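The structure appears right after this line, and notes come after that.
Bear in mind that the values here come from a model prediction, so they are computed numbers and not experimental data. We use all heavy atoms of the structure for the numbers below, so side chains are in, but hydrogens, waters and symmetry mates are not. Reminder, nothing fancy here: chain letters follow the sequence lines and each chain counts from 1.
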2 protein chains.
Amino acid sequence: MTGSCFAERLGHFLDLTEKERAALARLEERERTLKRGQMLRRENDGSDEIYVLRHGWMMSYVYLDDGSRQILRLHFPGDLIGSSNIAYRDAAESLTAITDAVVCPFEKQALRTLFDDHPRVAALLFAVSQAERVSLTDRLASLGRTSARARVGALLLDMLHRIRFMRKDVTNSFELILTQEEIGDATGLTAVHVNRMMRALAEEGMIERRNGSVTIVDERALAQASAYFNRFAELDTSWFPAPRG
Amino acid sequence: MTGSCFAERLGHFLDLTEKERAALARLEERERTLKRGQMLRRENDGSDEIYVLRHGWMMSYVYLDDGSRQILRLHFPGDLIGSSNIAYRDAAESLTAITDAVVCPFEKQALRTLFDDHPRVAALLFAVSQAERVSLTDRLASLGRTSARARVGALLLDMLHRIRFMRKDVTNSFELILTQEEIGDATGLTAVHVNRMMRALAEEGMIERRNGSVTIVDERALAQASAYFNRFAELDTSWFPAPRG
DNA sequence: CGTCGAGTTGACATAATTCAAGTAAGGTGG
DNA sequence: CCACCTTACTTGAATTATGTCAACTCGACG
């Protein structure tokens, strides 16, 4: 065990104390391995579990009555996932592994100690969840007010930046992994139309595609064409309580 | 001063202690009055302020480069608004009053005491913000995967349920207040098309319109047609810390 | 070698937008 | 109190973006 990837992720924003690290590590005592495509949790399941994603990519999504699917969010290592049942008894979204993945499940009761003993970590969780909320509002504006081409472009840029955030060696190229159908379910489009938009972006010289990987050739132009705004500003930690102990 | 409407709202989920109520009331010491249409805060403004909405309706929204607007969320009394700068230094959304309104501004530093001294209230804030996140994912699915008619229907139902939550005497009729352009900006449609969809819903006998008010005639059918899921389940407070003091 | 899932492309259908013209209601200054 | 403005709402016709259906290619895999 290499230590808590959750603590590592949160440590980007804050110098955690030993005690704080230990408290976070306690959330990752158990591990569960998932194969590509395997479902971790289904919408409406009652469960006390929340997860820290340790390795691999996952996605959260819902199905509508007509059988269509909306992908709500892609998840990368260090993400806290399944957080809808922090608020509710029953899960609001399904969770499935996009690649082989490892998650650390913990019961939400474990958050109690965190809020009681480590108010600064609680504040950090709260701030991170607000940042996630902002990310969702960006997606909302993308789906509500931009063209198909812009939505696909914004998704690609979001993936690039989030991968970069994890691995500083990644510059402008990454393995796509998602099928065009999944991209469609994330952007509210059909797989066929996603295909056309990717071709369009490629013909315009903004991206290149080879095998399963994408290169963002002209990041500035793509961001412009996609109404994409990079939210990777620093978190504002100025209001946080002092560390305990 | 009639006491904290924030505490009143949060008290729906939990029996707050006197000390907890007092701590929340401290967030509402100042008041600011807004006229219909008045902007409280602009996107990208740097500000340490967060607000509790005390009276009236407000909305949060963003503008895109092409001048189009996406309304992110409607806000009702008791809502915590402007929460994007809990995470960031600069505001991610603009805030404007839809009706005459009263807000109580407070500096985010005030949250520090709350997290330090009242972990149970902090947990409640966190849970409520997760519920808001789920509400955003519902909107995402609505915009991404449902028809214009369904989006308008879902917005009407959401408004109905949120108004009911505040005022138990409201049954199935309310004053719309929003213009069709605003409905369009919330649902990702043009004002013209909103108009047609409202007519369609009326012709199908699901709603009635008179002057500025809407009556939901057949709530079940409308919910069905709009892929609407009512999230007003109880919050799960089982994991919260014990009250302090 | 055959099958299967994913990607690609064309022809056609449909939902939503755009443009344009008009009506209704409320507010304001003379 | 009226005449005028302005803003919101309404409706039709033409246009465009996206979806649907269908056929085909390609590579992976058993």
_Can you measure A:E175 atom CD to C:dA6 atom P for me and round it to whole angstrom units?_
15 Å
*asked:* What is the separation between atom CG on A:L143 and atom P on C:dA16, rounded to the nearest whole Å?
replied: 14 Å
*Spacing between A:H193 atom NE2 and C:dA15 atom C1', to the nearest angstrom*: 13 Å
*Side chain A:N85, main chain A:Y88, donor-acceptor under 3.5 Å*: no
*Hey, does the side chain of A:E93 reach the backbone of A:L72 with a donor-acceptor pair shorter than 3.5 angstrom?*
no
Please set out all donor-acceptor pairs under 3.5 angstrom arising from side-chain atoms of residues 95-107 of chain A, sequence neighbours excluded.
| residue | atom | partner | partner atom | Å |
| --- | --- | --- | --- | --- |
| A:T96 | OG1 | A:Y61 | OH | 2.7 |
| A:T99 | OG1 | A:W57 | N | 2.9 |
| A:D100 | OD1 | A:R36 | N | 2.7 |

*So where does chain A start and stop touching DNA chain D, 5' to 3', when the test is distance under 4.0 Å to a non-hydrogen atom?*
D:dT18 to D:dC21
*asked:* Using a distance-only criterion (donor-acceptor N/O pair, under 3.5 Å, no hydrogens), is the base of C:dT18 paired with the side chain of B:R196?
replied: yes
*Could you say whether A:E181 or A:R145 is positioned toward the 5' end of DNA chain C, judged by the nucleotide with the nearest heavy atom to each?*
A:E181
_Donor-acceptor pair, distance only, cut-off 3.5 Å: does the side chain of A:N172 make one with the backbone of A:T215?_
no
_Length of the CZ-P vector between A:R210 and C:dG7, whole Å_ = 17 Å
*Rounded to whole angstrom units, what separation is found between the CD atom of B:Q180 and the P atom of C:dA24?*
16 Å
*Whole Å only: how far is the CD atom of A:E182 from the P atom of C:dA6?*
8 Å
_It should be established whether A:R199 places a side-chain nitrogen or oxygen under 4.0 Å from OP1 or OP2 of nucleotide C:dT8._
no
_Any base atoms under 4.0 Å from B:G212, or only sugar-phosphate, or nothing? Heavy atoms, all strands._
nothing
*Which residues satisfy the salt bridge (charged side-chain N to carboxylate O under 4.0 Å, His left out) test with A:R32, sequence neighbours excluded?*
none
_Backbone N/O of B:S47 and side chain of B:D45: donor-acceptor pair under 3.5 Å_ = no
_Between P on C:dG5 and CG on A:N195, what's the gap in Å once rounded to a whole number?_
18 Å
*Rounding to a whole Å, what distance do you find between A:L189:CG and C:dA16:C1'?*
14 Å
_Can you tell me how the ring of A:Y228 sits relative to the ring of A:H161, calling it parallel under 30°, perpendicular over 60° and tilted otherwise?_
parallel
*Using only side-chain N and O atoms of A:R209, determine if any of them is under 4.0 Å from OP1 or OP2 of C:dA6.*
no
